[in-house]
Structures are given as C-alpha cells and as structure tokens.
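Presented below is the structure to which this report refers.
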Number of protein chains: 2
Amino acid sequence: MPRRVDHQERRQRIAGALWRIASTRGLEGASLRDVAAEAGISLGQLQHYFATREEMLRFTLEHFSALSGERIRKRVATGYPEPTPRAVLREIAAELLPLSEEQRVALRVQLGYLVRVLHDEGLRPQAREGVLALRGLLADQLRIAAERGELTAGLDPEREAVRLLALTDGLANAVLLDVLAPGAAMGLVDEHLGGVFGG
Amino acid sequence: MPRRVDHQERRQRIAGALWRIASTRGLEGASLRDVAAEAGISLGQLQHYFATREEMLRFTLEHFSALSGERIRKRVATGYPEPTPRAVLREIAAELLPLSEEQRVALRVQLGYLVRVLHDEGLRPQAREGVLALRGLLADQLRIAAERGELTAGLDPEREAVRLLALTDGLANAVLLDVLAPGAAMGLVDEHLGGVFGG
DNA sequence: GGTATAGCAATACAGCTGACTTGGAAAAGG
DNA sequence: CCTTTTCCAAGTCAGCTGTATTGCTATACC
C-alpha cells in the first residue's frame with residue numbers, strides 16, 4: 001500500500017478554493033481548471049478527489065452549509081450574558097445577515113446555490129431541510145418566549161418564526177444589493193423583535 | 001431599401017423565448033442556439049437582432065422588469081373598491097409574491113438575475129434603482145397612512161417600507177423553495193399589515 | 001428597372017468545458 | 001526485494017460556446 005492521504009482534508013481545501021472563486025464569479029463560473037489553479041493543484045489531482053464537477057459542487061455546498069449551521073448552533077449554545085429567547089433570536093439573525101465581509105461572501109454564494117436548487121429538483125430536498133431546521137430553531141425560541149409570556153399577545157410562535165426568517169432573508173438581499181446598510185438591517189431586526197416581544 | 005421589420009417586436013419575441021428557457025434552466029444555461037431554437041428562428045437571425053449575448057440578456061431583463069413595474073403601477077392606479085394605503089400595499093405585495101405560475105417563473109428568473117447582478121458591478125445601478133423605486137412606492141403609501149393616523153404609533157414610514165419589502169422578498173424565496181404555501185405567504189403579509197396599521 | 005441594402009441563412013472558427021485515458025512515481029505490505 | 005495499490009501529472013477527446021464571415025434573397029426607392 002502506498003501512502004494514504006487525508007481525503008476529507010484535501011476535499012475541504014478544494015472546496016475552499018471553489019468558494020473563493022464562486023464569491024466573485026459565481027458558482028457556475030468556476031471551471032474545474034479554475035478551481036484546480038486556485039487550489040494550487042493539477043486538474044488531474046482535483047479529479048482524483050472529485051470524479052465529477054457535480055460531486056465537487058455538492059460537497060462544497062454541504063461543507064459550508066454545515067459550517068454555517070455549526071456557527072449558529074454555537075452562537076445559541078455558547079454562554080453569553082442572559083441567553084433569553086430574544087437574545088438568541090438576535091444572534092441567529094446576526095449570523096444570517098451579511099454583516100461581515102465573510103458573511104457577505106457566503107451569502108452571495110448561497111444565493112447562487114438557491115438559484116441552482118430552484119432549477120434542479122434533485123438538490124431541493126436538502127435545501128428544504130436546512131431551511132426547515134433553521135425555522136424550527138427559531139420556533140423553539142419563540143415557543144419558550146410564549147411560555148414565559150414574553151411574546152406579544154395574539155402572536156403564533158410558528159408563524160412568527162416564518163416571518164422573522166423571511167424578514168432576515170429579505171434584509172440580507174437588500175444589504176447584498178447595497179440598498180441597505182448592514183447596521184440598518186440589524187436595526188430593523190431589533191425593531192422587529194421589539195414588536196414581537198411584548199411591545 | 002428592402003422591407004423593414006419591427007425590430008422592437010422581434011426583440012421582444014426573442015426575449016420571451018429566453019425567458020421560457022431561463023425559467024427552467026436558468027439564465028446562464030440559455031445558449032444563443034437554445035434561444036434561437038425556442039424562438040423558432042435561426043442563430044443568424046437572432047444575431048441580427050442581438051449582436052451579442054450580453055445585449056440580449058440586458059434587453060430581456062429590462063423588458064420584463066419594465067413589464068413588472070407596469071403591472072404594479074397599474075394595480076396601484078386601477079380603481080378597486082377603496083384604494084386605501086393598506087389595500088394598495090397588499091396589492092403590491094401580491095404582485096411580488098409567487099402566487100401564480102407566471103409569477104413563480106418570473107421570480108425564479110429574477111433571482112438568477114440578482115445573482116448575476118451581485119457578480120457584475122456594471123449591472124448593479126439599474127437593479128438598485130428598481131428596488132429603490134419600489135421602496136419609494138411603498139413609503140409613499142405608508143406616509144399617506146401616517147398622515148391619516150392609520151399607522152401604528154411609533155412606526156416610521158420609511159423603515160416600514162424597507163421592512164415590508166424585505167418581508168415580501170423573503171416570503172417569496174420561501175414559497176419558491178416550497179417551504180411555504182403561497183396562501184400562507186399572503187396570510188403572513190396580511191397579518192403583518194395588520195400590525196403596521198393601527199393594530 | 002436597376003440597384004442598394006436590410007434581412008437572414010449557413011458555415012467557420014478559436015476557445016473553453018468536463019470527462020476520460022494513459023503512464024509513471026512512490027510507498028506500504030508480503 | 002517485489003508486488004500491489006494509491007496518488008497524481010499530462011494529454012486527449014468530443015462537444016458546446018459566442019462571435020465573425022460570407023453570400024444570397026427580396027424589396028423599397030431612384
């Protein structure tokens with residue numbers, strides 16, 4: 001047996017290269033040769049780790065969406081002062097908005113991914129599950145708030161989860177398009193939360 | 001001089017073909033030959049009307065965004081029973097959500113366009129203007145409502161315009177992804193408007 | 001009625017794409 | 001030592017891409 005290489009690590013390195021290219025030229029604009037060059041490897045080596053372009057795209061998207069989910073869960077779990085439902089929801093929204101350059105890049109790529117999903121039936125289930133999981137996370141917090149009586153009367157946690165997620169999503173798009181400042185987006189989230197929590 | 005053809009009409013016909021392809025395979029996935037075939041013309045003829053692919057894309061997007069704007073303005077202007085600000089805002093939101101198959105197609109393509117805009121600096125100004133115009137339309141109605149005292153106390157028309165537009169945008173994405181029923185999206189808009197208008 | 005020219009069909013072309021094939025280097029196990 | 005298998009570099013290939021070129025046809029005008 002010859003030397004064994006950490007496949008997972010190599011794949012992640014390639015995924016990073018693809019991510020960097022996709023952030024400027026878009027997912028579809030990244031050819032195998034481009035990615036290989038960006039990763040500093042040969043086309044042959046890239047193909048050794050990803051037999052097909054589709055496989056490379058799929059792995060990369062799964063990798064980064066897993067990273068994103070992990071970051072969110074970490075934000076929720078980590079002990080910050082007073083992990084109230086409202087504070088948790090604020091943290092999640094902050095994670096979903098393009099407040100930093102890194103988030104901006106990620107959102108730009110993810111938007112390209114969304115388009116891809118809309119045109120490709122096969123990718124839809126995974127994307128749907130991701131959204132539904134996130135929505136569930138928000139709904140959990142809202143339900144806790146409702147039990148504590150912190151929620152504005154008459155609001156349904158499940159519906160408010162959908163509304164907050166949609167709002168954040170829309171605000172993110174606006175910030176990406178430079179028609180809304182990142183700070184203003186966060187301000188609107190806060191104002192929205194103010195209305196949801198016993199305004 | 002040989003016979004003269006209505007260039008504008010031919011271009012619009014081609015734009016329609018591109019739109020149909022883009023709705024299933026995405027904007028980038030539509031080659032000149034595909035579009036020509038869909039339009040029932042030769043590649044040569046298509047090139048006679050659009051010297052370059054970029055020109056074709058630009059025309060098509062401008063054409064359909066103009067159509068969309070026209071539809072919205074018509075909805076606002078047309079006399080429906082009691083054109084209150086709230087009713088007008090509801091109509092605009094209904095126009096922006098994927099409630100019909102035609103709207104679904106348009107939104108899918110427009111989302112691809114958004115991604116394209118994010119990766120191409122040159123296209124950004126036009127897209128920004130479109131969003132800002134729409135936001136202005138919403139803000140106008142909210143300002144009228146505020147003058148009438150119909151707005152919930154403490155809400156700023158300009159900020160609420162941003163919030164409503166972002167919410168609609170996010171809801172549209174959710175519906176496209178099949179994680180939200182069209183009717184539920186419209187229901188959430190109504191609930192949202194209920195909170196904005198003197199809840 | 002000749003002629004200039006818009007309209008268009010057909011083809012050519014260079015470049016890039018993803019996928020495949022071939023061959024060799026290197027190292028772990030027998 | 002020697003085989004086996006992984007790793008990977010290089011080249012090849014067919015297919016598609018947008019664009020450019022060429023030339024024919026039909027028609028409106030002088």
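This is a predicted model, so every value here is computed, not measured. The chains referred to below are lettered A, B, ... by the order of the sequence lines, with proteins before strands, and numbering in each begins at 1.
- The residues A:R116 and A:E54 are annotated as salt-bridged, a charged nitrogen and a carboxylate oxygen being separated by less than 4.0 angstrom.
- Distances shorter than 4.0 Å separate none of the side-chain N or O atoms of B:R4 from OP1 or OP2 on C:dA6.
- Applying the 4.0 Å criterion to OP1 and OP2 of D:dA9, one finds that A:H48 has every side-chain N and O outside that range.
- The CD-C1' distance, from A:E54 to C:dT17, rounds to 15 Å in whole Å.
- Rounded to whole Å, atom P of C:dC8 lies 8 Å from atom CD1 of B:I41.
- Look at CD on B:E9: it is 17 Å from C1' on C:dA6, rounded to the nearest Å.
- For the pair B:F50 CZ and D:dT19 P, the computed distance is 13 Å after rounding to whole Å.
- Residue B:Q45 has its side chain nearest to C:dA9 when only C:dA9, C:dA19, C:dG7 are considered.
- Atom CG in A:L57 sits roughly 12 Å away from atom C1' in C:dG18 (whole-Å rounding).
- Within residues 18-35 of chain A, the residues having any heavy atom under 4.0 Å from DNA chain D are, by residue number, A:R33.
- Applying the 4.0 Å criterion to OP1 and OP2 of D:dT6, one finds that A:H7 has every side-chain N and O outside that range.
- In this structure, A:R53 places its CZ atom 9 Å from C1' of C:dG18, rounding to the nearest Å.
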Restricting to nitrogen or oxygen on both sides, can you table the protein-nucleotides 20-22 of chain C pairs closer than 3.5 Å?
| from | atom 1 | to | atom 2 | distance (Å) |
| --- | --- | --- | --- | --- |
| C:dC20 | N4 | A:Q47 | OE1 | 2.7 |

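- The stretch residues 10-48 of chain B participates, sequence neighbours left out, in these ring-ring contact (aromatic ring centres under 6.0 Å, His included) pairs: B:H7-B:H48, B:W19-B:F64.
- When side chains are defined from C-beta on, B:V105 counts as touching B:E101, because their heavy atoms get closer than 4.5 Å.
- Remark: A:Y49 is in phosphate contact with D:dC8, judged by side-chain N or O atoms under 4.0 Å from OP1 or OP2.
- Residues in residues 29-45 of chain B take part in these salt bridge (Lys or Arg N to Asp or Glu O under 4.0 Å) pairs, two or more places apart or across chains: B:R20-B:E38, B:R25-B:D34.
- Under the rule for a side chain to side chain donor-acceptor pair (under 3.5 Å), the partners of B:S100 that lie at least two apart in sequence or sit in another chain are B:Q103.
- In this entry the distance linking CG of A:L46 with P of C:dA19 reads 11 Å, nearest Å.
- Residues forming a salt bridge (charged side-chain N to carboxylate O under 4.0 Å, His left out) with A:R53 (at least two apart in sequence, or on another chain): A:E28.
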Does the side chain to side chain donor-acceptor pair (under 3.5 Å) test come out yes or no for A:R11 and A:Y49, once each step is laid out? CA-CA 6 Å; A:R11 283 171 159 238; A:Y49 292 105; over 6 Å; no
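- Phosphate proximity of C:dC8 to B:R10: present, with a side-chain N or O under 4.0 Å from OP1 or OP2.
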Could you pull out all donor-acceptor pairs under 3.5 Å where a side-chain atom in residues 184-191 of chain A meets a protein atom, sequence neighbours excluded?
| from | atom 1 | to | atom 2 | distance (Å) |
| --- | --- | --- | --- | --- |
| A:D190 | OD1 | A:R90 | NH1 | 2.8 |
| A:D190 | OD2 | A:R90 | NH1 | 2.5 |
| A:E191 | OE1 | B:R159 | NE | 2.6 |
| A:E191 | OE1 | B:R159 | NH2 | 2.5 |

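- Under the ring-ring contact (aromatic ring centres under 6.0 Å, His included) criterion, no residue pair touches residues 103-152 of chain B, with sequence neighbours excluded.
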Listing, residues 124-134 of chain B side-chain donor-acceptor contacts under 3.5 Å, not counting sequence neighbours, or none:
| from | atom 1 | to | atom 2 | distance (Å) |
| --- | --- | --- | --- | --- |
| B:R124 | NH2 | B:E121 | OE1 | 3.4 |
| B:R124 | NH2 | B:E121 | OE2 | 3.4 |
| B:R128 | NH1 | A:D178 | O | 2.4 |

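- Distance, A:E55 CD to C:dA19 P: 10 Å, rounded to whole Å.
- Considering only side-chain N and O atoms, B:S42 lies nowhere under 4.0 angstrom from the phosphate OP1 or OP2 of C:dA10.
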